[in-house]
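Convention: sequence-line order gives letters A, B, ...; per-chain numbering from 1. Given the structure is predicted, the values throughout are model-derived calculations rather than measurements.
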2 protein chains.
Amino acid sequence: MTRPLYEAKAEFFRTLGHPARIRVLELLSERDHAVHELLEQIEIEPSNLSHQLAALRRTGLVTQSRRDGQVIYSVAVPEVRDLLMAARVILQAVIDDQATLSAELGAPATSES
Amino acid sequence: MTRPLYEAKAEFFRTLGHPARIRVLELLSERDHAVHELLEQIEIEPSNLSHQLAALRRTGLVTQSRRDGQVIYSVAVPEVRDLLMAARVILQAVIDDQATLSAELGAPATSES
DNA sequence: TGTTGACTTGAACAAATGTTCATGTTATAA
DNA sequence: TTATAACATGAACATTTGTTCAAGTCAACA
């Protein structure tokens, strides 16, 4: 019955694996946003955004609330910010690695064989 | 030409969004492993694992090398470990949140309305 | 009570991912 | 030189996700 932890982890990361959802989390980690504010920043149809928000809600990463006619979203867990930063660091490291590698391949005369 | 950063981020997270790939990264963040060692730990067909390893290679998260007839995999970037830890923390927070919530829903007599 | 703005939902279709199977490669041992 | 162990790859099919469209809710407002 209790699903293995690595399944939960995988699902968690999959939830982050969508451009619009990432952008939502980044925006929300700055401050709460109403849906129409998100729509101004993210080029996507309202209905599509709604689906993506639903996905984030399902995995418990964000929460909804209503304030005078608008629906406001917030990150449910403050650590989301840390995660996004950790990811940024790795991503940068990987990109640098690849740049170095292709520089070595592209200009092999630089040093040794 | 330069793909937006949030696309790269999404792809990065998607790469982590698979049970077998997560397990591989966790095992590799302890120490290097040969493919057959990974196979002992992860219940998956060799060919499937190979595909998943290829995916991890493509995004530059792991690297391959050969040592006496075996293929050894290593994490390419040491920070992977940090990321997995950060994810663990969030995941736990989210799970706790949900547990609290369902406890409140399930046993509403505990305190206030 | 009827609109309108702000969102959500469901269902259908499209696109991306995952799994398997058959075949290929590489290095070592017989 | 041919077996064999240890992996990788490609292609076909299955499954999951994503996107769109049409319709629905909800709350203020006219």
Nearest-nucleotide wise, let me know which of Glu37(B) and Ile44(A) is further upstream toward the 5' end of DNA chain D.
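Here Glu37(B) is the residue nearer the 5' end.
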Under 4.0 Å, heavy atom to any atom of DNA chain D: which of residues 6-30 of chain A qualify?
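Residues of residues 6-30 of chain A that come under 4.0 Å of DNA chain D are, in numerical order, Arg14(A), His18(A), Arg21(A).
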Short of 4.0 Å, heavy atom to strand atom, which residues of residues 46-54 of chain B count as contacting DNA chain D?
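DNA chain D contact set from residues 46-54 of chain B: Ser47(B), Ser50(B), His51(B).
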Please say whether more than 12 non-hydrogen atoms of neighbouring residues, nucleotides or ligands are located less than 6.0 Å from CZ in Arg14(A).
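For Arg14(A), atom CZ is crowded (more than 12 foreign heavy atoms under 6.0 Å).
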Can you tell if the side chain of Val62(A) reaches within under 4.5 Å of the side chain of Leu25(A), non-hydrogen atoms only?
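Side chain of Val62(A) against side chain of Leu25(A), heavy atoms only: contact under 4.5 Å found.
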Rounded to the nearest angstrom, tell me the gap between atom [atom1] in [X] and atom [atom2] in [N].
{"X": "His36(A)", "N": "dT4(C)", "atom1": "NE2", "atom2": "C1'", "answer": "15 Å"}
{"X": "Ile72(B)", "N": "dA6(D)", "atom1": "CD1", "atom2": "C1'", "answer": "11 Å"}
{"X": "Asp68(B)", "N": "dC7(D)", "atom1": "CG", "atom2": "P", "answer": "11 Å"}
{"X": "Ile42(A)", "N": "dT19(D)", "atom1": "CD1", "atom2": "P", "answer": "12 Å"}

Given [options], identify the nucleotide with an atom nearest to the side chain of [X].
{"X": "Val35(A)", "options": "dC7(D), dC21(C), dT8(C)", "answer": "dT8(C)"}
{"X": "Gln64(B)", "options": "dT8(C), dC7(C), dA8(D)", "answer": "dA8(D)"}
{"X": "Glu45(B)", "options": "dC21(D), dC7(C), dT20(C)", "answer": "dT20(C)"}
{"X": "Tyr73(A)", "options": "dT8(C), dC7(C), dA8(D)", "answer": "dT8(C)"}

Hey, any chance Leu84(A) and Ile95(A) share a hydrophobic cluster, counting ILVMFWY side chains that come within less than 4.5 Å of each other, even indirectly?
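Yes, Leu84(A) connects to Ile95(A) through the hydrophobic network.
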Tyr6(A) and Glu26(B): side chain donor to acceptor below 3.5 Å:
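Note: Tyr6(A) and Glu26(B) side chains miss the donor-acceptor criterion.
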Check: [Y] main-chain N/O paired with [X] side-chain donor or acceptor under 3.5 Å:
{"X": "Arg23(A)", "Y": "Gln41(A)", "result": "yes"}
{"X": "His18(A)", "Y": "Leu16(A)", "result": "no"}
{"X": "Arg21(A)", "Y": "Thr15(A)", "result": "yes"}
{"X": "Gln92(B)", "Y": "Val89(B)", "result": "no"}

Heavy atoms only, 4.0 Å cut-off, all strands: where does Arg67(B) land among base, sugar-phosphate and nothing?
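The residue Arg67(B) makes no contact with any strand.
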Under the side-chain contact (heavy atoms from CB on, under 4.5 Å) criterion, do Leu83(B) and Phe12(B) qualify, and how do the steps go?
CA-CA 12 Å; Leu83(B) 184 80; Phe12(B) 171 74; 3.8 Å; yes
Distance test, side-chain N/O of Arg57(A) to OP1/OP2 of dT9(C), below 4.0 Å
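Checking Arg57(A) against dT9(C): at least one side-chain N or O falls below 4.0 Å of OP1 or OP2.
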